[in-house]
Protein chains: 2
Amino acid sequence: MNIGEIAKRAGVSRSTVSYALSRKRTVSDETRAKIQRVIDELGYRPNASARALANGRTNAIALVFPPAGDHYTGMQLDFIGSVVEAAATFDYDVLLSPSGVDSDRSFQRLLGERRVDGAILMEIRLQDDRVDHLFTENFPAVCIGRTARPEADWWVGLDHTALAAACVQHLADLGHRKVAFVNRPERLLRAGYESAHRGLDGFTKAAAERGLSVRTYNCGDDASSGQACVERILHDDPATTALVTLNEAALGGLYRGLAHAGRHVPRDFSVTGVAAARWAETVTPQLTAADVPASQMGRLAVELLVERLDRPDGPPRHHLLAPSISLRASTGPVGTAPSVLRRSG
Amino acid sequence: MNIGEIAKRAGVSRSTVSYALSRKRTVSDETRAKIQRVIDELGYRPNASARALANGRTNAIALVFPPAGDHYTGMQLDFIGSVVEAAATFDYDVLLSPSGVDSDRSFQRLLGERRVDGAILMEIRLQDDRVDHLFTENFPAVCIGRTARPEADWWVGLDHTALAAACVQHLADLGHRKVAFVNRPERLLRAGYESAHRGLDGFTKAAAERGLSVRTYNCGDDASSGQACVERILHDDPATTALVTLNEAALGGLYRGLAHAGRHVPRDFSVTGVAAARWAETVTPQLTAADVPASQMGRLAVELLVERLDRPDGPPRHHLLAPSISLRASTGPVGTAPSVLRRSG
DNA sequence: TTGAAAGCGATACCAC
DNA sequence: GTGGTATCGCTTTCAA
């Protein structure tokens with residue numbers, strides 16, 4: 001069932017069928033109706049590969065995210081969902097590529113073999129060979145996150161520095177002086193993950209300015225790591241009264257660890273950090289946090305990419321978002337009932 | 001940069017380059033080396049659209065899941081991740097399609113325009129027009145889940161009936177007599193979602209056999225709905241001592257509702273159900289549940305689809321999984337401390 | 001307003 | 001062991 005068959009049955013040429021479909025040249029109403037009738041009758045749809053070959057564009061984009069083993073986070077899910085739905089509104093298909101680096105097969109296939117017109121990259125690293133590669137090739141890409149030299153790139157990012165600083169400020173305002181920072185796994189920090197680095201920086205600087213006493217930890221992306229992390233925190237300094245976390249997946253474990261240690265949140269211990277609202281609201285008490293606007297970011301990334309595809313020579317654009325902290329129920333003033341401090345003090 | 005260019009620079013014909021790449025006919029080592037050198041030098045990769053057009057296959061599969069608004073569940077994430085990674089090992093790309101029904105644009109595009117060789121469908125309904133459509137077209141598809149007439153289809157599914165029954169049995173063995181069932185949202189039940197229906201059936205029958213007193217509820221896929229649902233349950237029958245849930249996304253809210261009502265889990269109230277292990281372990285106390293082997297299911301679905309694509313005329317295959325219940329910390333004997341019963345009895 | 005034919009970039013059959 | 005060429009299904013220029 002191809003365009004030639006339609007042409008034959010409608011008694012016109014293939015080009016006329018093509019033009020009737022694309023509307024790139026006028027076709028008499030009569031002819032158009034005739035063609036349309038045949039198309040409806042046969043349920044014809046033009047072959048995407050042939051069209052892509054002729055047009056030089058596939059109408060598909062790639063969504064590149066690192067293969068996480070079994071450690072996908074809820075935030076990633078929200079990004080994926082919003083990117084796919086936004087792309088659908090522009091009639092773009094989305095190809096998923098589980099690629100951590102430039103050299104991954106799937107990455108090479110999607111981009112090298114021109115299966116897609118552009119790409120959206122997740123989980124950006126400060127030095128990111130994927131981004132470098134695409135940049136030097138001038139391949140249309142938009143990052144969810146920023147590299148160390150973001151000026152020339154297209155991206156939508158979060159101001160992790162400001163977010164972490166806001167968390168510190170919030171806790172400091174509540175009177176907390178000894179605060180722990182629960183970062184993503186060390187592996188990711190070493191790999192140069194943007195959020196882990198900028199978040200850590202923001203936390204450290206803000207805490208220094210406020211004269212807080214801090215310790216920083218890396219924590220695996222799962223509940224049991226979170227629980228173990230809290231044990232370390234309280235072991236290292238039992239007088240700690242609050243923590244800031246970037247590690248959404250460990251959150252449940254952090255809460256559990258605190259409960260096991262007999263620290264009531266928020267009476268004895270405050271918890272805050274950066275997380276998508278849906279996940280902040282599943283835990284009890286609900287997490288006071290900077291809400292990652294994941295679906296907005298996914299949509300913006302698609303919009304930027306579509307714009308870049310439509311006007312390949314436009315200047316780079318980006319959006320830096322800094323959502324404010326949503327007050328929920330996991331933080332409180334330090335003075336209320338520092339039971340452990342009293343005992344030990 | 002196309003195959004003709006490579007051929008010219010290597011001083012051979014285009015067919016020789018093609019055969020050197022595909023190995024479908026012998027090429028002298030000398031020629032091959034010459035070609036390879038040029039390819040490496042120019043970083044040539046064959047164009048996927050052209051190849052797809054010539055071959056009649058795209059080496060891509062579709063992953064179809066309903067557009068969930070902002071209510072994606074953790075289980076869906078695990079499916080997506082495992083499908084993508086499994087597909088990558090077979091050198092298939094994955095196109096995501098947010099399509100609830102047959103008539104969705106994205107669904108029509110992916111399948112009608114032959115962008116993909118086959119499809120994996122998630123969130124199957126007992127009567128599913130997507131499945132019906134693909135079946136009548138004999139389009140290679142594999143379902144994650146079963147329709148009402150699964151014999152002729154290819155699928156990998158969960159025995160929801162057995163799973164729900166196992167939950168009932170577990171609770172009955174612990175002495176619980178008044179048990180609530182927390183299902184997915186009513187909208188999904190009405191739409192005919194397989195898990196919601198078969199789970200409900202299994203629960204109801206098993207409870208009847210055991211002579212339990214039960215009530216069943218639909219609950220939105222989010223924490224606050226879960227909390228509200230618990231309030232309804234305890235309002236309708238304060239003597240309820242346990243619940244079974246299929247609603248992973250509401251779990252955090254269910255726990256919160258119980259905590260607010262002063263019911264300690266598992267001392268005063270037992271909770272069990274069906275959930276992916278990662279999510280069961282996030283909550284405190286960790287959920288005793290039938291663990292959905294999401295990543296195994298995703299992998300199996302890909303394997304079935306690849307097999308179907310390789311041998312288009314083989315008989316339908318499927319896998320019905322019935323993971324047993326993992327004992328964690330959310331259930332306990334009813335007798336221990338039924339505080340409310342005592343008060344009211 | 002329409003038709004014929006030359007691409008797009010591969011594959012694979014037919015010759016030699 | 002290698003080359004020439006028709007073919008996949010569509011788009012678009014050129015001609016009428």
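Below, chain A is the first sequence line, B the second, and so on; all start at residue 1. These figures come from a predicted structure and were not determined experimentally.
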Identify, between B:Thr16 and B:Leu53, the residue whose nearest nucleotide on DNA chain C lies closer to the 5' end. B:Leu53
Stepwise side chain to side chain donor-acceptor pair (under 3.5 Å) check, B:Gln108 with B:Asp104: CA-CA 6 Å; B:Gln108 295 292 342; B:Asp104 283 356; over 6 Å; no
Over how many whole Å does the gap from A:Arg45 atom CZ to D:dG9 atom P extend? 17 Å
NZ/NE/NH1/NH2 to OD/OE distance under 4.0 Å, A:Asp132 and A:Arg149: yes
Are B:Arg51 and C:dT11 close enough that a side-chain N or O sits under 4.0 Å from OP1 or OP2? yes
May I ask you to check whether B:Ser18 and B:Ser15 show a side-chain donor-acceptor distance below 3.5 Å? no
Please report, rounded to the nearest Å, how far the P atom of D:dC10 is from the CG atom of A:Asn55. 12 Å
If I take atom CZ in residue A:Arg57 and atom C1' in nucleotide D:dT11, what distance separates them, rounded to the nearest angstrom? 14 Å
Criterion salt bridge (charged side-chain N to carboxylate O under 4.0 Å, His left out) against A:Arg317, the qualifying member of A:Glu151, A:Glu303, A:Glu307: A:Glu307
Rounded distance in Å - CD1 (B:Ile3) to P (D:dG4): 14 Å
Check this for me, if you would: do B:Arg146 and B:Asp153 make a salt bridge, where the nitrogen-to-carboxylate-oxygen distance has to be below 4.0 angstrom? no
Of B:Ser15 and B:Ser49, whose closest DNA chain C nucleotide lies nearer the 5' terminus? B:Ser49
OP1 or OP2 of C:dG9 under 4.0 Å from side-chain N/O of B:Tyr44: no
Atom CG of B:Leu42 and atom P of C:dG9 are separated, to the nearest Å, by 14 Å
What's the closest nucleotide to the side chain of A:Ser13 if the choices are D:dT11, C:dA4, C:dA10? C:dA4
How close or far is atom P of C:dA5 from atom CZ of A:Arg14, stated in whole angstroms? 11 Å
Considering only heavy atoms, which members of residues 17-35 of chain A lie under 4.0 Å from some atom of DNA chain C? A:Arg25, A:Thr26, A:Val27, A:Ser28, A:Thr31
Between B:Asn47 and C:dG9, does any side-chain N or O lie under 4.0 Å from OP1 or OP2? no
In plain terms, say whether B:Glu5 and B:Arg9 are close enough for a salt bridge, that is, a side-chain N and a carboxylate O under 4.0 Å apart. yes
